[in-house]
**Student:** 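Okay, here's the structure, questions in a sec.
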Amino acid sequence: MKQVSIEELAKYSDRYIGLTRDRTKIVASGKTIKILIKKLDKLGDKDAVITYIPPIDKALTLIWH
């Protein structure tokens with residue numbers, strides 16, 4: 001089973017995406033989760049796996065005490 005590549009995911013930087021259950025295809029995307037859910041509803045897709053792709057040009061910093 002071939003999952004969506006990192007290169008393909010990078011195209012959706014700072015967006016929410018809906019993936020097929022087996023994570024082999026992106027079925028919809030949106031700038032907000034609300035927009036994504038509307039698109040998935042319109043497609044009739046109730047099984048999509050929803051995830052957020054963080055901005056690829058920003059660093060994530062965690063401070064641990």
Side-chain angles (χ1 to χ4, degrees):
M1 171 171 51
K2 186 175 184 204
Q3 293 186 348
V4 178
S5 70
I6 295 295
E7 294 80 14
E8 183 69 17
L9 291 174
K11 296 176 187 176
Y12 297 91
S13 173
D14 197 24
R15 297 181 69 84
Y16 291 88
I17 61 170
L19 297 157
T20 56
R21 272 246 190 255
D22 63 3
R23 293 164 180 79
T24 59
K25 183 179 175 188
I26 297 168
V27 293
S29 72
K31 186 68 178 162
T32 67
I33 197 164
K34 186 175 180 178
I35 292 170
L36 173 60
I37 289 172
K38 281 184 182 181
K39 288 181 179 181
L40 292 171
D41 284 344
K42 192 172 184 177
L43 292 170
D45 192 336
K46 303 286 184 199
D47 294 327
V49 176
I50 296 173
T51 191
Y52 174 73
I53 306 300
I56 59 170
D57 59 344
K58 307 263 192 247
L60 176 63
T61 302
L62 298 175
I63 300 172
W64 191 264
H65 293 276

**Student:** Please report the shortest heavy-atom distance between G30 and R15, naming the atom on each side.
**Tutor:** CA-NH2, 3.4 Å
**Student:** Looking at side-chain heavy atoms only, is the closest gap between E8 and K11 below 4.5 Å?
**Tutor:** yes
**Student:** Quick check for you: to the nearest 0.5 Å, what is the distance between T51 atom OG1 and L9 atom CG?
**Tutor:** 8.5 Å
**Student:** Between atom CD of Q3 and atom OG1 of T20, what is the distance when rounded to the nearest 0.5 Å?
**Tutor:** 9.5 Å
**Student:** Show which residues join I37 in its hydrophobic cluster (side-chain heavy-atom contacts under 4.5 Å, direct or indirect), or state none.
**Tutor:** Y16, V27, I33, L36, L40, I50, Y52
**Student:** Atom CD1 in I56, atom CD1 in I6: separation rounded to 0.5 Å?
**Tutor:** 10.5 Å
**Student:** What closest approach, in Å, do P54 and S13 show between heavy atoms, and which atom pair accounts for it?
**Tutor:** O-OG, 3.8 Å
**Student:** Minimum heavy-atom separation for V4 and K25, please, with both atom names.
**Tutor:** CG2-N, 3.7 Å
**Student:** Is the backbone of R21 close enough, under 3.5 Å, to the side chain of R23 for a donor and an acceptor to pair up by distance?
**Tutor:** yes
**Student:** Measuring from atom CD1 of I17 to atom OH of Y12, what distance do you get when rounded to the nearest 0.5 angstrom?
**Tutor:** 7.5 Å
**Student:** D41: which residues meet the salt bridge (Lys or Arg N to Asp or Glu O under 4.0 Å) condition with it, sequence neighbours left out?
**Tutor:** K46
